[in-house]
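Everything below concerns the one structure shown next.
On a predicted model such as this, the values are computed, not experimentally measured, just so you know.
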Amino acid sequence: MSPLIGPRRACLSLRFLSLRFLSLLFLSLIAVARPGAAQVADTIYTGGDVLTMRGTAAEYAESLAVKGGTILFVGSSADVKKHAGSTTKTIDLAGKTLLPGFIDTHGHMVYFGKNLIDANLFGTADIPDLVRRMKKQAERTPAEGWIVGFGYQARAMKEGRPPTVEELDTISADRSVMIVDSSGHLGAGNSAVFARAGITADTPDPKGGTFARKADGRSLLGPMEETALNAVRSQRPPFTGKLADEAITGAANVWASHGHTTAQEAGLGLGNDDIGIVVNAIDKRLMPIDLYVAAKDSAVDDTITAAYTVASQYNPKPNGTREKLLADRPDLDKRYINRVRLGGIKFWLDGSVDTAWFTQPYTTNPSGKTGVYSGYRQIPDEVLDAAFDRFWPTNMQIHMHMNGDAAADQALAAIAKAVKKHGMRDHRPVFVHASWLRPDQIEKMKTYGAVPSFLPSGIVPGGDAVVRLWGPERSSGAMAARTFLRAGLPFTFSHDAPVSPIPSVLALVDAGVNRRTASGAVVGPDERISPYDALRAVTATAAYQIKEEQTKGTLEAGKLADLVILEKNPLKVDPLTIKDIQVVETIKEGRTVYKR
Ligand SMILES: [Zn+2]
C-alpha cells in the first residue's frame, strides 16, 4: 500500500466502524501483541528434568507447555508463566523426568496382541512344563479354536530341543495345537494341525523353510522353520469381534505402559486376520497411540494349501496385503487415519540366531545342523528385485529383516538395482536388526540413506548363544551402534516384541548401554554407547526412521505433545539400573493414555 493512500483510506474506513467493532479490534490487537486466548496453555509441566532430546548432547529445559495436542512452549520456568491462564493445569513433575514419547521402530504390536490371548510359553523349563501350560490353554480355548502357545526357547529348555508331534498330541489328539518360539521363526505342531493344513511327510518343503521329518523320512517330526511355519500359521481361524478388539487394545495399552506414543506392526499379514484386526481398530477408533504399519508382502488371505503358501507369499500380485488396505482406506499410506498409518512394506531376508544367513559358516552349528552351515536365504533375488521395482518409486518405505551379512548383501544389491533404474530419493530403507554388517556394507548403507534398527535387547537373553554360534568377531561387532555413531550415521533401537517378551524401551536402552548377557558377560564392549545416545535411538532418530521427525521425536514448540514421564532420569542413574526405571505416565497429543 502506498503511504500516500494509506492514511486517507484509514480515515474513510473509520467512519463506517462502530465503536463496538473498534473495541473488539483493539482487544484482538492486544491478544496478538501479548499472550492472550490463543496462547494460553492447557497444561504446563514444570519442577523436573525436561530432556528435549534435541542435538547430540543432553539439553534440558525447566518447563513445557501444551495446547491442543501440540507443544506450545519449551523453556524456562519464568517464561512459561506467560502461557498460564485461569484454565491452565500446572503439573509439578516433582523431580521426575519428561521426555518425548518413545517411538517403536520395529515391533509387532498386532502379533503381540494375539499372543496376549495365547498361552505364554516364556521361560518354559522343559517339555512337561510346556505341555502343562498348553493344557491350561486348551481349557480356555473355544472348541473350534486352535490351541496356540508362544515364547518358548528350545535351546533353553532342559531337553535342548522342541517337542515332537507325539508330545504335542498329549495336549490334544484331535484339536489343532501349534507352538511358536520366542523368535517367531520356529515352531512345532501336533498331528491335528498338520492334517488340517494338509501337510504330510511327502509335502515338499517350501522355499526358505523346512518341516522336520523323522529319520526314516516317512513321517513328520513336529518342528517347522520359517516359511514352513508361516504356511501352517496362516491357516489359523481368524480373530474377529470381541477377540479382535481385545487383541489390539490389550497390546496398545502394553505399548503405552512402556512409554510409547507410536507403536509399530512390522509385518501385518503374518496372520490371515491381521488386516481385519487393524481395520476393525480403525473403524472403532480403538488406538490410544499411533500405529505405523509395515505390511508383509503376501497374499495371506488366499486360502491355499500349505505347500503353496510360500509361492503366493513370493508373488507380489495385485490384491495382496497393500492393495487390500489401500482399497479399504485409499489415503492410509499418506497420513494417520484414526491413529493408524500404512508406512511401509516388510520382507524377511533371513532368519534368527540359528538361521541367520552369513557369507561365512557358523562358528558352532546350531543343534540339528550338520556340515558347513551358513544359514539360508528366505527369498529369491528376483522376487526381492521385483518388489523393489514396484515399491521403490512409491512412498512405501521398504523394511528388510536381516541378521547375517549375506542377507545384507542381498538387500544392498536390490537397492543398487532400484537406484540405477529409478534413481535416488529420500527413501530411508530400514535394515531390521542388521546384526552383523561388514564395514563395506556400512559404507553402502550411507550412500543409500539406509537406517539400521538394532535389537540390542537380543543380547540379554540370547547373547551367550550368539557368542557360541556366531563366534567372537560377529558377536562383538553385532548391532554396531558405536560404529554408526562414530560415522555420524543414523541408527535406531527396537525390541521386536513379542520377540522381546515385553516392549520395554528402557530395557532396550539399558541393553544398548551395557550389552550384558544373561550370564553377565559383556558382548562387544566397543559397541556400547552412552545413555543419551541410546535414548536418541528411541526418540529423535526413531522419528527420523519413520519419516516423522517434523512432528515427533524431540520436545520443540510446534511438535506433537507426545510425552513420557519417567520416575528417574536415565542419564543420572547407575547405567546398570536404566531398565528398572518406571514409566510414570504416557501422554499422546496432550492426553494421558497411561498412568501408573
Ligand atoms: Zn520383527
Side-chain angles (χ1 to χ4, degrees), residues 41-54 58-77 80-81 83-84 88-104 252-263 287-290 339 493 495 502-510 513 531-532 534-540 542-543 551-575 577-596:
D42 298 333
T43 315
I44 287 174
Y45 296 91
T46 191
D49 285 345
V50 177
L51 187 51
T52 69
M53 298 314 296
R54 291 197 317 176
E59 176 196 80
Y60 290 100
E62 290 175 333
S63 300
L64 179 139
V66 172
K67 181 173 178 56
T70 57
I71 299 172
L72 178 64
F73 171 87
V74 185
S76 73
S77 294
V80 83
K81 288 192 180 121
H83 301 288
T88 304
K89 199 164 92 183
T90 299
I91 293 176
D92 180 7
L93 290 168
K96 297 188 282 283
T97 300
L98 183 73
L99 284 138
F102 297 141
I103 294 169
D104 180 3
N253 290 336
V254 173
W255 255 245
S257 76
H258 288 285
H260 291 98
T261 46
T262 303
M287 285 299 295
I289 57 174
D290 282 345
R339 301 225 174 288
F493 283 167
H495 42 61
I502 52 166
S504 168
V505 178
L506 289 164
L508 195 59
V509 168
D510 188 300
V513 168
Y532 181 74
L535 281 173
R536 289 264 301 170
V538 294
T539 54
T551 53
K552 296 177 179 175
T554 58
L555 302 181
E556 289 177 80
K559 286 198 176 184
L560 294 176
D562 286 3
L563 314 168
V564 59
I565 300 172
L566 303 180
E567 170 207 19
K568 289 176 186 160
N569 185 341
L571 311 187
K572 295 182 179 174
V573 298
D574 171 357
T577 65
I578 292 172
K579 62 182 181 310
D580 306 321
I581 296 173
Q582 299 284 341
V583 171
V584 177
E585 189 173 344
T586 307
I587 298 138
K588 172 65 186 156
E589 292 175 39
R591 207 174 69 82
T592 298
V593 290
Y594 168 78
K595 200 160 190 175
R596 200 169 148 237

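One finds the CD atom of Glu585 at 6.0 Å from the CD1 atom of Ile91 (value rounded to the nearest 0.5 Å). With values rounded to the nearest 0.5 angstrom, Thr90 atom OG1 is found 10.0 Å from Lys81 atom NZ. Atom-to-atom distance recorded for Ile44:CD1 and Thr46:OG1 is 8.0 Å, nearest 0.5 angstrom. Once rounded to the nearest 0.5 Å, the distance linking CD1 of Ile578 with NZ of Lys568 reads 11.5 Å. In this structure, Lys552 NZ and Thr262 OG1 are separated by 3.0 Å, a value rounded to the nearest 0.5 Å. Taken from CG in Leu72 to CG in Asp42, the straight-line distance is 8.5 Å, to the nearest 0.5 Å.
Contact between Ala263 and Ile289 at its shortest, heavy atoms only, is CB-CD1, 3.9 Å. Shown here for Arg54 and Tyr532, the closest heavy-atom pair between the two residues is O-OH, 3.2 Å. When all heavy atoms of Pro100 and Gly553 are compared, the closest pair comes out as CG-O, 3.5 Å. Leu508 approaches His495 most closely through the heavy-atom pair CD2-N, 3.7 Å. Pairing each heavy atom of Pro570 with each of Ile581, the nearest pair is CA-CD1, 3.7 Å. Nearest approach of Thr586 to His260, heavy atoms of both residues: CG2-O, 3.5 Å.
The shortest side-chain heavy-atom distance between Arg536 and Met53 falls under the 4.5 Å cut-off. Contact check for His83 versus Lys67: no side-chain heavy atoms found under the 4.5 Å cut-off. The shortest side-chain heavy-atom distance between Val573 and Asp580 does not fall under the 4.5 Å cut-off. For the pair Glu589/Thr261, no side-chain contact is recorded, criterion being any heavy-atom separation below 4.5 Å from C-beta on. In this structure the side chain of Val593 reaches within 4.5 angstrom of the side chain of Arg591, judged on heavy atoms. In this structure, Val583 and Leu566 have side chains that are in contact, with non-hydrogen atoms separated by less than 4.5 Å. Side-chain contact check for Thr539 versus Phe102: some heavy-atom pair is nearer than 4.5 Å. Counting heavy atoms from C-beta outward, Tyr45 and Val50 have side chains that stay 4.5 Å or more apart.
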**OP:** Check step by step if side chain to side chain contact (heavy atoms under 4.5 Å, CB included) holds for Leu563 and Leu555.
**Re:** CA-CA 8 Å; Leu563 314 168; Leu555 302 181; 3.5 Å; yes

Original post:
Hey, mind stepping through Leu64 and Val66 against side chain to side chain contact (heavy atoms under 4.5 Å, CB included) and telling me if it holds?
Top reply: CA-CA 7 Å; Leu64 179 139; Val66 172; 3.6 Å; yes

Subject >> side chain to side chain contact (heavy atoms under 4.5 Å, CB included) between Leu560 and Lys588, worked out >> reply: CA-CA 8 Å; Leu560 294 176; Lys588 172 65 186 156; 4.0 Å; yes

**OP:** Give the intermediate values and the outcome of side chain to side chain contact (heavy atoms under 4.5 Å, CB included) for residues Tyr60 and Leu51.
**Re:** CA-CA 5 Å; Tyr60 290 100; Leu51 187 51; 3.7 Å; yes

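Between the side chain of Asn569 and the backbone N or O of Leu571, at least one donor-acceptor pair lies under 3.5 Å. In this structure, the side chain of Lys89 does not engage the main chain of Thr43 through any donor-acceptor pair within 3.5 Å.
Side-chain contact check for Lys579 and Ser504: no donor-acceptor pair (N or O, by modelled atom type) lies under 3.5 Å.
Applying the side-chain contact (heavy atoms from CB on, under 4.5 Å) test between Ile565 and each of Thr97, Thr592, Ile587 identifies Ile587 as the sole match.
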